[in-house]
Amino acid sequence: MEVYQGHKISGQIAIGTIYLRREEQERIVPETVSDAEAEVTRYEEAVKKAASDLRALSSKAEQNVGAWNARIFEVHAMMTEDVDYREEVTRTIKSKNLCAEYAVFLTGEHFSKMFSDMEDDYFRARAQDVKDITDRLIRTLRGQTRAEDPDEPHILVVGELTPDDLIRQVRSRILGIVTERGTAYSHASILARSMGIPTLSGISPDPSWNGRKAILDGIRGTLIINPDPSTVKEYLGILSERAEREAKQKSSRTEPAVTKNGKRIPLLANIGDLSELETAKQYGAEGIGLLRTEFLFLNAAQVPSEEEQYAFYRKAVETMGDRPVVIRTIDIGADKPARCIPMPEEDNPALGNRAIRISLSNRELFTAQLRAIFRAGMHGNVSVLYPMITSEWEMKEIAEIEADVKDSLKNDGYTLAPVRRGIMIETPAAAVLSDRLSEYADFFSIGTNDLAQYVLAVDRKNYALERYYNPRHEAIMRLIAATIGNAHKKGIPVSVCGELAADTDVTEQLIALGVDELSVSPSLLTEVRQAIRESNV
Ligand code: PEP
Ligand code: MG
């Protein structure tokens with residue numbers, strides 16, 4: 001039995017078999033073959049297998065992450081079978097007597113370059129898809145599997161996890177995640193927590209772990225490889241106690257989130273996918289305080305249309321009935337690149353073209369999203385929330401665009417319902433200017449994840465600087481206090497939706513500062529509700 005200490009990302013326990021995902025592709029060498037015809041046949045068989053694997057993956061993913069997110073696999077299957085791509089591979093094998101792996105590699109390089117040189121955003125975004133299918137074909141030719149990971153439930157061990165990666169995973173198969181790099185505040189970690197997947201980081205994997213039994217303890221932050229029988233028994237006991245406790249906690253979901261002195265703090269949920277709605281309701285969310293719409297875009301082969309977005313938002317709104325749903329406009333960029341919205345490489349993406357900046361520079365994209373949100377507003381209690389605001393001029397521009405969108409919807413015959421407007425306070429500028437920004441908003445929502453990143457000048461994803469990244473830092477607390485003071489002067493409420501909202505050590509402090517509402521990952525609702533009920537404010 002070996003025990004490794006890591007960092008806690010998502011505090012649950014998993015027991016299962018390790019699957020170590022290899023990151024580097026073995027070098028592809030230009031070997032020659034004596035029988036080119038046979039090599040072409042081998043390639044065509046690989047095409048068939050890769051396409052059928054992708055289609056199987058597509059239907060499985062559909063059950064777990066929804067039809068929209070699963071579509072990428074169907075698109076990849078079609079690209080794998082593309083006639084031009086296949087002709088070029090066949091020609092390369094025959095003309096140079098090259099092995100299929102190398103011919104595929106050359107063709108992939110050629111096609112992805114061709115796409116990335118194109119003017120049109122849609123076609124430029126295809127370059128990554130070409131790389132993905134090329135990697136898959138090479139792995140298939142080599143008899144290797146990777147991207148889809150094993151079918152059996154497993155503990156995934158990987159260098160670094162991306163949000164995109166998590167969305168692609170078939171959730172029921174991942175018992176837990178261990179990453180070498182990654183902080184608690186990266187979007188991938190937030191997503192893992194939100195999905196309730198036990199997760200640890202800061203553990204360097206050893207290739208010999210693959211296939212071994214392990215216990216991932218997200219509460220103590222340990223990974224136990226080859227646990228001895230008494231340890232397994234101990235953990236099975238902990239798991240069943242936890243299950244009992246959770247069943248009891250679930251029954252406490254209807255208890256009101258009220259402090260000991262009778263202050264009511266509405267407790268809402270942060271979600272990124274419709275599949276989280278049920279967990280949110282199960283744990284008694286009083287609404288959706290943050291719907292991260294970018295997750296709808298991350299894996300999409302093309303920008304979701306107004307209709308597709310409308311269907312998605314409407315489903316969230318209708319599921320929540322008369323409870324509020326706060327829909328945040330896309331926060332794409334930084335560690336959430338979307339393949340359907342290609343952007344030039346940036347040296348400092350967290351300080352780059354991100355969130356509202358992308359919306360304001362792409363009117364068509366922004367308008368379609370706002371139309372979908374306002375239309376969804378006709379079905380329930382909806383607010384729109386704008387991320388990464390830094391200046392008043394942005395809000396003026398947004399207000400004008402909103403007015404145009406509403407006019408055009410009315411012209412199209414829609415009878416709109418009121419939709420409240422919120423501003424994310426997640427940049428130092430927004431917190432400092434919150435007195436002025438309150439003129440443009442019906443409410444504020446404080447995003448402590450980014451606020452900490454930008455106030456403390458620490459990349460929220462940089463594992464090496466973790467001790468500098470402290471959302472409880474006094475500078476953050478003062479900015480929260482100032483924001484609340486300014487908002488309350490204008491009579492508008494303030495919610496906290498960053499991860500600090502779920503930090504039960506500061507629940508009382510946040511309420512004492514005057515926070516009106518908290519929004520947290522669905523799986524953390526119970527703990528936070530308990531902390532509110534124990535607060536002496
Ligand atoms: C935040 O920054 O605190 C926030 C809630 O937004 P995100 O984590 O999606 O950047
Ligand atoms: Mg943010």
Side-chain angles (χ1 to χ4, degrees), residues 9-10 161-164 166-167 182-195 267-273 276 280 287-298 325-338 349-359 383-390 394 422-431 434 443-462 469-473 475-477 479-480 483 494-503 506 510 515 517-522 524 528:
I9 301 288
S10 177
L161 203 67
T162 63
D164 168 277
L166 260 178
I167 286 179
T183 69
Y185 298 92
S186 73
H187 284 103
S189 299
I190 291 172
L191 202 57
R193 254 193 312 279
S194 178
M195 291 171 159
L267 183 56
L268 292 85
N270 296 345
I271 65 164
D273 189 70
E276 290 168 284
I288 300 302
L290 173 64
L291 171 56
R292 288 181 164 103
T293 59
E294 56 276 10
F295 289 114
L296 178 62
F297 290 64
L298 292 197
V325 176
V326 178
I327 306 177
R328 184 174 72 179
T329 59
I330 48 169
D331 181 12
I332 282 165
D335 65 337
K336 287 182 283 191
L351 303 180
N353 200 15
R354 179 184 166 185
I356 197 66
R357 299 170 187 179
I358 293 180
S359 300
S383 302
V384 57
L385 178 62
Y386 296 104
M388 290 290 294
I389 297 296
T390 55
E394 292 162 319
I423 296 179
M424 286 285 291
I425 303 292
E426 56 180 344
T427 64
S434 50
F443 67 97
F444 285 152
S445 189
I446 303 182
T448 51
N449 308 334
D450 278 310
L451 191 59
Q453 155 162 275
Y454 297 122
V455 169
L456 304 173
V458 193
D459 178 352
R460 63 195 261 190
K461 274 178 62 221
N462 190 335
Y469 184 90
N470 172 19
R472 297 181 192 170
H473 195 289
I476 313 285
M477 288 300 179
L479 287 174
I480 293 177
T483 301
V494 179
S495 162
V496 176
C497 65
E499 295 302 291
L500 191 71
D503 180 347
V506 296
L510 290 174
V515 162
E517 192 176 285
L518 294 172
S519 190
V520 304
S521 290
L524 301 174
V528 179

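Residue numbers run from 1 in the order of the sequence given. When a ligand or atom number is given, it counts from 1 through the structure's own listing order.
Taking a heavy-atom cut-off of under 4.0 Å, ligand 1 is surrounded by H187, I190, L290, R292, R328, D331, K336, R354, M424, E426, G447, T448, N449, D450, R460, C497, G498.
Counting only protein N, O or S atoms, the number found under 2.8 Å from the Mg ion (ligand 2) is 2.
Between the OG atom of S186 and the CG atom of N462 there is a distance of 11.5 Å, given to the nearest 0.5 Å. Here the CD1-OG1 distance, from I9 to T183, works out to 6.5 Å after rounding to the nearest 0.5 Å.
Look at R292 and D331 and you find no salt bridge, because none of the NZ, NE, NH1 or NH2 atoms lies under 4.0 Å from a carboxylate O.
Within the 4.5 Å cutoff, no side-chain heavy atoms of R354 are placed close to those of I332. Looking at V326 and L291, their side chains never come closer than 4.5 Å, going by heavy atoms from C-beta outward. Between M195 and D273 the shortest side-chain heavy-atom distance does not fall below 4.5 Å.
Annotation: cation-pi geometry satisfied between K336 and F295 (NZ/CZ under 6.0 angstrom from ring centroid, within 45° of ring axis).
Scanning both residues, D450 and E426, for their nearest heavy atoms gives OD2-OE1, 3.1 Å.
Checking S521 against N270 by side-chain atom types alone, no donor-acceptor pair falls below 3.5 Å.
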